[in-house]
Each structure stands twice: as C-alpha cells, then as structure tokens.
Visitor: 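First, the structure itself, so that you have it in front of you.
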Amino acid sequence: MNIQTKQGNIQNSNADTIIVNLFDDVITPSGATGAVDHALDGAISDLIAAGDLTGKMGEVGVIYPRGAMAAKRVLIVGLGKRDTFDLEAVRQASAAAIKHARALNGTQVASIVHGAGVGGLDVETAVQATIESALLALYTYDADKKKEPSNAIETLTLVEMDADKMTAVENGVKTAVATAAGTILARDLVNMPPNIATPQKLADTAKQIAHEHGMKLIVGGRKWAKKRKMGAFLAVAQGAGFKPKFIVLEHNADRDELDTIVLVGKGITFDTGGISIKPSANMGLMKSDMGGAAAVLGAMKTVGILDIPLHVVGIVPATENMPDADAYRPADIIKASNGKTIEIISTDAEGRMVLADGLVYAANYKPKAVIDLATLTGASIIAMGLDVSASMFSNDAELRGKLMAASDATRERLWHLPLWEEYRRTIDSDVADMKNGGGRYGGVGTSAVFLQEFTDYAWAHLDIASMAFTDKNKGYITKGGTGFGARLLVQFLRSWP
Ligand code: BES
Ligand code: MN
Ligand code: ZN
C-alpha cells in the first residue's frame with residue numbers, strides 16, 4: 001500500500017473510500033466529520049439519531065453518498081470515549097477502519113488523521129499512529145501458499161485541512177512507514193518456516209540491511225566463535241544441522257562521537273529442546289524462538305531507513321537447538337567467553353547460553369546501554385499472561401525508565417521484575433560457576449540473573465516469550481509473528497538520550 005498526503009477537505013477527495021471518525025456519545029459531529037456530514041445533508045447525524053452509530057471504539061458505520069460526493073462510500077470509525085482517548089485508541093480505530101475498507105473492496109482510500117483535531121493529540125505522533133497501525137493491520141504472510149488474489153488497497157491518502165500542519169504530517173508518515181517496514185520484516189522472519197528461516201537466512205537478512213544502509217557486518221561461523229572462546233554459543237550449536245552464525249550488524253560504525261547502544265536478540269531458529277527434548281505437541285511453535293533476533297533485525301532496518309544519529313550495534317547469535325550425536329548434554333560443563341563455567345541442567349535452557357556469549361561480546365563496543373530480547377522462558381508467559389506483556393529486568397534505573405517510556409508510547413507492554421539475590425542462589429552449582437536452570441519456581445527471575453553474570457554495563461533484558469507469537473488477529477496485531485519489540489526499540493532509540 002502506497003501512502004500519500006494531501007492538504008484539503010476530505011469531502012472533496014476523489015478516493016473511492018473515505019474514512020472519518022466519531023467520539024463516543026457525540027450527537028452532532030464537528031471538524032472533518034462534521035464537514036462530511038454537512039456534504040451528506042446530515043446523513044451521519046441521522047445514523048447517530050437512529051442509534052445505528054455510537055462512536056464506540058472500533059465500530060465502523062458505512063454511508064453511500066449516491067452522488068453527494070465523489071467517494072463511493074464513507075466509513076465512520078468510532079474513537080471510543082473522549083476521556084480515555086490516547087495513541088492506542090488511534091491505532092485501534094485506524095486498524096478497524098482500514099480492514100473494513102479492504103473488506104468492502106476499496107482500492108483508493110482517503111482518511112483524516114485520527115486524534116489530531118478534536119482529539120487534541122500531537123499531530124506528528126497521531127499521524128505516525130494512524131499510518132503505522134494501518135500498514136500493520138493489513139499485513140499478511142502468504143509466501144508459501146497459492147492463493148486467490150484478494151483485494152488490496154493501492155493507496156491510502158492522509159488528508160489534512162490545515163496547511164500549517166503539513167510538515168508534521170509528512171514527518172509522521174516517514175517515521176510510520178520506516179517503523180512498519182522494520183516490524184513487518186520481524187513478522188516475516190518469525191512466520192517463515194524453520195527450514196527457511198535458518199541462521200544463514202538471518203545472516204542474509206542482515207547482509208541485505210547492511211547493503212541498503214551502509215552498515216558494517218560481521219558473520220562469524222563455528223571457527224570464528226571458537227577463536228573467541230564462545231563455548232556457550234557453540235555448545236548449543238554442537239547438535240545443529242544448519243550452520244550457526246554469530247551476526248553483528250553495525251550502524252554508524254565509524255562515528256566515534258556518537259553514543260553506542262547494543263541490541264542483542266536470541267536467534268534460536270528452531271528449539272526442539274535438544275537432548276532434553278520438548279513434547280511433540282505444539283513443538284512447531286518453536287519456530288518463533290528467534291523472535292528476539294527478528295525484533296533486533298527489524299529495528300536495525302528502521303534505524304537504517306531513518307538514519308538514526310546513534311552508533312547502534314545489533315548482535316544475533318543464531319543457531320537451531322537439536323538433539324544429535326554431537327549435541328551437548330545435561331551434566332556437561334561449558335565455559336563461556338568471559339571464562340565463567342556453566343553446568344548444564346537442561347539443554348532446553350539454550351537461550352541463556354547463546355545470549356551469554358552475545359552479552360559478553362557486546363562489552364567490546366563500550367556501550368552506553370545494552371538491551372537483549374529473547375523468547376527465553378515459559379515462566380514469563382505464566383507470570384505475565386499470553387499476549388499481555390513482556391517481562392523486563394534491568395540493573396539500571398535510568399535505562400529502565402527510558403524503556404518504560406518507550407513501552408507507554410508504543411503500547412508494546414513491559415513490566416519490571418526484580419533481579420534479587422535469592423534468584424541467583426537457585427543457580428549455584430557444586431561443580432561450576434553456575435547452573436543453566438534453577439528449578440520449577442521463579443523461572444523468569446532465575447533466567448535473568450543468569451544473564452546478568454555476563455554483563456558489566458547498563459543492561460536490560462526483555463523476555464518476550466509471551467508476545468512474539470499469537471494465534472489470533474487483534475486490531476493491528478496479526479496472527480503469527482507479531483514483530484513485538486521492533487517498534488519499542490525504534491521508539492527507545494529515537495528518544496535517546
Ligand atoms: N524457547 C523456550 C521458551 C519458550 C517457551 C518460549 C514457550 C516461547 C514459548 C526456552 O528455550 C525454554 O525451553 N525454556 C525452558 C527453560 C527451562 C528448561 C529452564 C522453559 O521455559 O521451560
Ligand atoms: Mn529451550
Ligand atoms: Zn528456546
């Protein structure tokens with residue numbers, strides 16, 4: 001879908017479908033909706049009076065103008081209650097409206113900016129939310145299926161009456177298109193089957209981003225990792241058929257004056273559990289175990305498009321976790337690249353192993369902050385609920401605050417959990433510096449304190465196991481890979497410091 005902007009009155013638009021909006025309990029529409037109502041000789045007011053249109057969140061009313069204006073149809077989307085109105089309401093309204101337009105076979109769609117007029121939101125962020133959500137709501141993954149060609153919206157034109165707002169509108173569109181592109185890349189990578197989304201595929205994706213945006217790229221194989229003593233990453237990779245890749249993508253590599261932020265993404269392209277094998281029911285979901293890597297690569301793509309003025313490093317330790325004659329096993333003792341030893345309790349606790357060497361490697365860049373994202377534990381899903389929130393851990397209050405602000409702005413939810421000493425004790429080992437599992441209780445906390453052993457900088461860990469993959473369409477979140485984390489990281493980086 002192509003995005004355009006236009007200054008003018010939406011009732012004069014030559015689109016086949018126009019979208020306006022309505023707050024809950026409004027009796028006489030005002031602003032752009034009022035102007036359209038007027039052009040339709042009060043047809044919107046009539047629908048409201050008849051009780052057929054209430055303005056409740058996500059409701060979509062349709063009016064056929066029959067020659068009163070050029071458009072074939074007018075969609076009026078509900079914005080919900082005025083006192084709870086926010087950017088997320090804009091996203092939900094925009095998603096509902098654009099999906100309705102697609103269902104009615106609209107191809108040229110014009111819309112007002114939700115929330116910038118009567119809603120009183122900042123114009124640029126309202127535009128960003130409107131467009132980002134429309135692009136994400138229409139996302140489908142159908143690379144591997146022969147399909148009937150379904151209706152596709154060709155153009156979405158944002159129409160703004162006020163000439164003074166057009167610069168803000170343009171800026172909001174740019175940010176939205178770039179951010180949606182990164183999120184869509186993340187969704188695609190998660191949705192690809194694990195025989196396609198291999199470590200090599202992640203490396204090729206990084207290569208493409210590096211090529212398009214002039215980034216520096218390192219792709220290390222087994223030999224490269226061995227030279228750097230990455231025993232934890234290599235242990236997981238021991239049983240893998242597809243060759244492991246340690247990927248480092250660097251934006252503004254030669255700009256010493258810029259602050260450095262490192263993003264580390266768990267890139268387990270398929271998690272069978274290894275020798276500690278998982279039950280076969282739903283094992284296919286473990287194709288999403290590179291959701292952290294997908295979010296990091298997606299964010300890097302957006303960083304490139306927007307040319308964010310920071311030194312950003314994306315690190316993705318990528319491998320599958322397979323049972324094999326060469327696979328690592330429970331009771332093995334493994335040495336990570338910082339020299340710390342790990343007693344293997346379960347080969348299914350592989351995410352923390354590959355992240356350990358990823359986090360140690362991050363220190364090479366003297367970072368101002370390091371954020372890792374990982375589909376790390378089932379315990380995080382138990383704690384936070386599916387499709388509700390990710391868990392966040394951090395050793396730095398300022399970094400935590402900045403991530404929380406990005407979470408509020410994007411509605412990619414995080415909830416802060418503690419790195420308490422008691423959790424560390426659960427991974428004490430008799431034979432090594434630590435164990436890779438701490439038993440049944442508090443599993444999200446034990447995994448986080450394990451990771452902390454490999455950090456010596458301001459650091460945050462986001463366990464996104466509950467958020468990376470969903471089995472239902474909801475608003476602008478589509479079934480399958482969600483791209484969770486990409487928008488959050490972009491917002492965080494754009495707001496730095
Ligand atoms: N990738 C899984 C965690 C996971 C589970 C993500 C379900 C998404 C949905 C991870 O590698 C894992 O297996 N974790 C174990 C850790 C345990 C063995 C200490 C878990 O959570 O059970
Ligand atoms: Mn596992
Ligand atoms: Zn895993």
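Counting starts at 1 for both ligands and their atoms, in listed order. Worth saying up front: this structure is predicted, and the values here are computed from it rather than measured. Below, all heavy atoms of this structure are taken into account, side chains as well, without hydrogens, waters or symmetry copies.
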Visitor: Under 4.0 Å between a Lys/Arg side-chain N and an Asp/Glu carboxylate O for Glu422 and Arg425?
Guide: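 Salt bridge flag = no for Arg425 with Glu422.
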
Visitor: Is it the case that Thr272 and Asn321 place a side-chain donor and acceptor less than 3.5 Å from each other?
Guide: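 Not at all, the side chains of Thr272 and Asn321 share no donor-acceptor pair under 3.5 Å.
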
Visitor: Closer than 4.0 angstrom: is that true for some heavy atom of Met353 and an atom of ligand 1?
Guide: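 Outside the 4.0 Å threshold, so no.
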
Visitor: Ile381 near ligand 1, heavy-atom distance under 4.0 Å?
Guide: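 So Ile381 counts as touching ligand 1.
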
Visitor: Should the pair Lys435-Glu343 be classified as a salt bridge under the 4.0 Å nitrogen-to-oxygen rule?
Guide: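 Result for this pair is no, no salt bridge flagged.
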
Visitor: Would you list the pairs meeting ring pair (Phe, Tyr, Trp, His ring centres under 6.0 Å) in which at least one residue belongs to residues 281-338, sequence neighbours left out?
Guide: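 Sorted result for residues 281-338: empty, none.
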
Visitor: Can you see whether Tyr457 engages Asp396 through a side-chain donor-acceptor pair at a distance of less than 3.5 angstrom?
Guide: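 The answer is no; no qualifying pair exists.
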
Visitor: Are Thr125 and Val90 packed together at the side-chain level, in the sense that at least one heavy-atom pair is separated by less than 4.5 angstrom?
Guide: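 No. Closest side-chain heavy atoms not under 4.5 Å.
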
Visitor: Under 2.8 Å from the Mn ion (ligand 2), how many protein N/O/S atoms do you get? Just the number, please.
Guide: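 Near the Mn ion (ligand 2), the number of protein N, O or S atoms below 2.8 Å is 4.
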
Visitor: With heavy atoms of Lys266 as the reference, note each atom of ligand 1 found under 4.0 Å away.
Guide: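 Close to Lys266: 1 (N), 10 (C), 11 (O).
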
Visitor: For atom 20 (C) of ligand 1, what is the closest protein heavy atom, and at what distance to 0.1 Å?
Guide: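 The answer is Gly378 N, 3.9 Å.
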
Visitor: Under 4.0 Å between a Lys/Arg side-chain N and an Asp/Glu carboxylate O for Lys266 and Glu350?
Guide: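 Result for this pair is yes, salt bridge flagged.
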
Visitor: So which protein heavy atom does atom 2 (C) of ligand 1 come closest to, and at what separation?
Guide: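 Protein heavy atom with the smallest distance to atom 2 (C) of ligand 1: Asp271 OD2, 3.6 Å.
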
Visitor: May I ask you to check whether Arg187 and Thr478 show a side-chain donor-acceptor distance below 3.5 Å?
Guide: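 Judged by distance alone, the side chains do pair up.
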
Visitor: For Tyr361 and Phe246, run ring-ring contact (aromatic ring centres under 6.0 Å, His included): C-alpha distance rounded to whole Å, both residues' side-chain angles, the deciding distance at 0.1 Å, then the answer.
Guide: CA-CA 10 Å; Tyr361 196 79; Phe246 193 98; 5.4 Å; yes

Visitor: Of the options Ser466, Ser447, Ser391, which is the one that meets Ser380 in a side chain to side chain donor-acceptor pair (under 3.5 Å)?
Guide: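 The single option meeting the side chain to side chain donor-acceptor pair (under 3.5 Å) with Ser380 is Ser391.
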
Visitor: Does an N or O anywhere in Ser346 fall below 3.5 Å from an N or O of ligand 1?
Guide: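 Not met; the criterion fails.
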
Visitor: Do Arg413's NZ or CZ and the ring of Trp415 fall within the cation-pi criteria of under 6.0 Å and 45°?
Guide: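 The answer is no, since Arg413 fails at least one limit relative to Trp415.
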
Visitor: Among protein atoms, how many N/O/S atoms lie less than 2.8 Å from the Zn ion (ligand 3)?
Guide: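 Number of qualifying protein atoms: 4.
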
Visitor: Taking salt bridge (Lys or Arg N to Asp or Glu O under 4.0 Å) as the cut-off, I'd like each qualifying pair that reaches into residues 458-482, sequence neighbours left out, listed once.
Guide: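 Applying salt bridge (Lys or Arg N to Asp or Glu O under 4.0 Å) to every pair that reaches into residues 458-482, excluding sequence neighbours, yields Asp387-Lys472.
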
Visitor: Any protein heavy-atom neighbour for atom 22 (O) of ligand 1 (distance below 4.0 angstrom)?
Guide: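 Within 4.0 Å of atom 22 (O) of ligand 1, no protein heavy atoms are found.
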
Visitor: Between Glu124 and Gln128, is there a side-chain donor-acceptor contact under 3.5 Å, judged purely by atom types and distance?
Guide: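 Note: Gln128 and Glu124 side chains miss the donor-acceptor criterion.
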
Visitor: Do the charged groups of Lys201 and Asp204 touch, with an N to O distance under 4.0 Å?
Guide: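 Looking at Asp204 together with Lys201, the answer is no, because their closest N to O distance does not fall below 4.0 Å.
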
Visitor: Checking the N or O distance criterion of under 3.5 Å, is ligand 1 in contact with Glu350?
Guide: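 Yes, Glu350 has an N/O under 3.5 Å of an N/O on ligand 1.
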
Visitor: Please list the nearest protein heavy atom to atom 10 (C) of ligand 1 with its residue and the distance rounded to 0.1 Å.
Guide: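 Result for atom 10 (C) of ligand 1: Leu376 O, 3.2 Å.
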
Visitor: Got the closest protein heavy atom to atom 12 (C) of ligand 1, with its distance?
Guide: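 Ranking protein heavy atoms by distance from atom 12 (C) of ligand 1, first comes Asp348 O, 3.2 Å.
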
Visitor: For ligand 1, which atoms have a heavy atom of Arg352 less than 4.0 angstrom away?
Guide: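 Ligand 1 atoms under the 4.0 Å threshold to Arg352: 16 (C), 19 (C).
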
Visitor: Looking only at protein heavy atoms, which one is nearest to atom 7 (C) of ligand 1, and what is the separation?
Guide: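 Residue, atom and distance for the closest contact: Met286 CE, 3.6 Å.
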
Visitor: Number the atoms of ligand 1 from 1 as they appear, then name those within less than 4.0 Å of a heavy atom of Thr375, with their elements.
Guide: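 Those of ligand 1 that fall under 4.0 Å from Thr375 are 1 (N), 2 (C), 3 (C), 6 (C).
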
Visitor: Is there a side-chain contact between Pro244 and Arg222 in this structure, where contact means two heavy atoms from C-beta onward sitting under 4.5 Å apart?
Guide: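 Sidechains of Arg222 and Pro244: in contact.
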
